[in-house]
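The sequence lines fix the lettering, A, B, ..., with proteins before strands; numbering per chain opens at 1.
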Amino acid sequence: MITHVSRFGGTVPRTHRCGELGRDHIDQTVNLTGWVHGRRDHGGIIFIDLRDRQGITQIVFDSEEDGSCHQQADQLRHEYVIEIAGRVTLRPEGSENPHLATGEIEVRATTLRILNESKPLPFSIEDDVHTSEPLRLKYRYLDFRRPRMNKLLELRHQISFQVRTFLHHRDFLEIETPILTKSTPEGARDYLVPSRVNPGEFFALPQSPQLFKQILMVGGTDRYFQMARCFRDEDLRLDRQPEFTQIDLEMSFIDREEVLDLTEQMIREVFQETKGIDLPDPFPRYTYHEIVSRYGTDKPDLRFDLPLEDLSTFARSSDFKVFRHAMESDGLVKGLVVKGGAEFARNRIDNLVEEAKSYGAKGLAWVKIIDDWKLDSVIAKFLNPIELQRALPQAQPGDLLLCVADKPSVVHNVLGRLRLHLGTELNLINFDRWEPLWVVDFPMFEYDHESKRYVALHHPFTSPAPQDIPFLDSEPLKVQAQAYDLVLNGFELGGGSIRIHSAALQQQVFDLLGIQKEEASKKFGFLLEALELGAPPHGGIALGLDRLIMLIGKTESIRDVIPFPKTQKAQCLMTEAPSNVSHDQLKELHIRSTWTPTENKPKDEL
RNA sequence: GGGGCCGUCGUUCAGCUAGGUUUAGGACGCCAGAUUGUCAAUCUGGAGGUCGCGGGUUCAAAUCCCGUCGGCCCCGCCA
C-alpha cells in the first residue's frame, strides 16, 4: 500500500479512534486524530486528553523520550485539532484511570501535527458545566462536541435505523413526498412559500403527508413509510417545534388491530434494542371516554395514580348550591383525593385554587378530612361527612379533597392539569417507569360553539366506526371514529386512524363539517377522485420521532434531540433565521410585505 | 394576544427585597512563569465587567419604579 504524504494539507490516515485502544494494542504504533480535550503540563512531561466522537485517549509527551515533540506540545491549547503518532503502552502501575474506557493505556507520542488552532471557546465542552441554552444554540457545533449531545445524536440515528429496519423487514417501502405542496384547511397554520413562476400563488409546507400517503395506497403501494418532516406554524412548547419529524406509515387492507399491533411491536423493539427496556405486551388500551373521565385528559401520565373521583351522586343530594347547580345544568362534580393533604397550610391551598382558576375553573372547593371524618372546610356545613365517606371509600382522615363543579369539559381539563401539577409538586412520579397506553374509540366530531359547526377531532379523512355510519346525519356527536392515539408518560407519541376509502362517505363527512362541495373539490379534488378509482381500505399512524427520542433519551426538551432547533420565538440563533430579504427578491416573487416597523413606545402612547 | 421566572467579566454563580462598606466578588476558563505521572493536576502572578437596553425616582441605582429586548415554562393556538 502506498501512503500518500503529498496530499494537500494531507494527514496520515488514522489507524484507530480515541475510544478503542486497550490492552490488546500494547506496543502497536498508532495514528490518532482529534481535539485537545484537556492538557496537564508537568514541565518535563505533558499529558493531553485527545478526544474524538468515540472517546478519549491520554497522549504522553515526554521530554526525555522525544524532546522536540515535547517542545511542540507546549503550544497545545483546548480544542486544537491535532494528529499524533505514537506507541501504545500500559500505564505505569497505579496511574490507571478507571473512569476512562481507555484508562489502562496511554499513547507515547513521537509525532505531533497541529491541523488547526482554536480560540478559547465561548463555553466549556464538559458535560457537567451548565451553559445557557441561547449560547448552546448559537454555537450548536460546540454543543455537539459535548459527550451528552453526541450520545443524543447517536441515539437519534439508532432509533431511526431501528425503525427503518423493522419496517423494511415487513415489506414497507420508504417513499418521499413533496415539501412544496398545497395548503390544507383545518388543522394548524401553514408555512407558505410564494411561487415565482405562478404570480399570486403559494405553496404550503406539509403539516403531514396525510393525503399523499393515502394516494400512495390508492396507487397500490400497499405499505408506505417515511421519516417525514412536518411543518406547523403554531407557538412552541417544550415538546413542540415548528418543524419536526414523524415516523409516518400507512397500510392497505388492514384493520385497527393490525396497525396497533405493528406499532406496538415496533416501539417495543426500539426500546429493547436501544436501551434494553421491556415495555408491556400488549400496551393497555382505554377508550377515550374512560381515560378522560378518569384522568381528565386524553394523554395521561400513568407513572402515578391520583385519579379523578366522581362526586356527582353526592353533589346532587348535597346542600351546597354550587354543586347542586352544576348537576342540574348538565355539569359534573369531580375531585382529587390528595393523600396527607389535610396538613397543607392555607396559602398552599390558596395557590392550588389560583392554579385551578388559571386553568379555567370558577373556583376550587377544598375539604380537609380530619380525625373521625370531621370535615374542615369553608363549605363543611353544606356537606354530610357520612355521605362523603360513602362517595369516597378510599379516602381517609388526613387527606385533602379538591373538587371542581362545572361543565364536564371544564371539570376534566382543570382536574387533569391539577393532577399533573400535584404529581410534580408532591414527587409522585416514578421516573424509572414507562407507561405506554392506547386511547381508542374517539368521538368523530366535536361541536365548536364559537364557529357553530362540527369539527373533526382527528382529521376529516378518519373513518367512522361502521356501526355508527347510520347516525352520521341524525346524531353526529354519538359517532365514534376509528382513530387511536399512542400515549407515553403523559406525552402524545402519535395517532392515526382507519381512513375513509369511499368517495360517497368522504363527501358525507365533508358535508357534515360544513366543507362545501366546491371547496372540497378545489382542495381535495384529487383525493375524492382517487377514492372513485379503486381505493383500497387503508389506515395508518404517525409517531412523533422527536418526542420518542426525547423520552428514550430522558432529556428535558425536544430541543435537545433536534439537531438545529428553534427558540420559542421560532428563530434559529445560529443562522439568525428568519431574516429580511431584499426588495428585489420580494418583487421577483410578486409579493410585498405589509409589515411596518414600529418605534418602541410605551403602551399608553399607542 | 395573556400570565410567570430569568438576564451581573469568556462561562457559571453570589450581591438585589435593608439603595451608600463595591475600587461589583467567588469558581472555572484565559495569559505569563514554575513544575517528570497527571487525569477537576498543582503552585505563583496577571489581564478581563456599557451589571441586557432605554427612561425615571434619589445627594447616590447592579439594587427601587416604568417601558423595552432576549431566553425559558405555561394559557390561548396546535394532535
Measure the distance from [atom1] on [X] to [atom2] on [N] and round it to the nearest whole Å.
X: A:L418; N: B:rC75; atom1: CG; atom2: P; answer: 14 Å
X: A:Y80; N: B:rC30; atom1: OH; atom2: C1'; answer: 12 Å
X: A:L137; N: B:rC72; atom1: CG; atom2: C1'; answer: 11 Å
X: A:K566; N: B:rG70; atom1: NZ; atom2: C1'; answer: 18 Å

State which residues pass ring pair (Phe, Tyr, Trp, His ring centres under 6.0 Å) with [X]; sequence neighbours excluded, sorted by chain then number.
X: A:F144; answer: A:F564
X: A:H25; answer: A:H16
X: A:H412; answer: none
X: A:H37; answer: none

What protein N or O atoms touch nucleotides 7-10 of chain B N or O atoms at under 3.5 angstrom, if any, and at what distances?
unit_1, atom_1, unit_2, atom_2, d
B:rG10, O2', A:P122, O, 3.0

In numerical order, the residues of residues 287-295 of chain A whose heavy atoms come under 4.0 Å of RNA chain B are none
Residues in residues 230-245 of chain A with a heavy atom under 4.0 Å of RNA chain B, by number, are A:R232, A:E234, A:D235, A:R237, A:L238, A:R240
Searching all strands shown, indicate the nucleotide that pairs with B:rU57 (Watson-Crick or G-U wobble; both distances under 3.5 Å).
none
Does the structure show a Watson-Crick or G-U wobble partner for B:rC5, both distances under 3.5 Å? Name it, or say none.
B:rG71
Salt bridge (charged side-chain N to carboxylate O under 4.0 Å, His left out) partners of residues 410-428 of chain A, not counting sequence neighbours, each pair once
A:R348-A:E425
In short, salt bridge (charged side-chain N to carboxylate O under 4.0 Å, His left out) pairs touching residues 487-499 of chain A with sequence neighbours left out are A:E250-A:R499
So, OP1 or OP2 of [N]: does either fall under 4.0 Å of a side-chain N or O from [X]?
X: A:R559; N: B:rC73; answer: yes
X: A:K299; N: B:rA79; answer: no
X: A:Q568; N: B:rC73; answer: yes
X: A:S124; N: B:rU12; answer: no
X: A:T567; N: B:rG71; answer: yes
X: A:R417; N: B:rC75; answer: yes
X: A:H459; N: B:rA79; answer: no

Let me check something: any side-chain donor-acceptor pairs from residues 549-558 of chain A under 3.5 Å, sequence neighbours excluded? List them with distances.
unit_1, atom_1, unit_2, atom_2, d
A:K554, NZ, A:F431, O, 2.7
A:T555, OG1, A:S557, O, 3.2
A:S557, OG, A:R559, N, 2.8

Using a 4.0 Å cut-off on protein heavy atoms (strictly under), produce a 5'-to-3' string for nucleotides 36-54 of chain B with B for base contact, S for backbone-only sugar-phosphate contact, and - for none.
BBBB-B-------------
Side-chain donor or acceptor of A:S497 paired with backbone N/O of A:T462 under 3.5 Å
no
Identify, with sequence neighbours excluded, every residue that meets salt bridge (charged side-chain N to carboxylate O under 4.0 Å, His left out) alongside A:R285.
A:E257
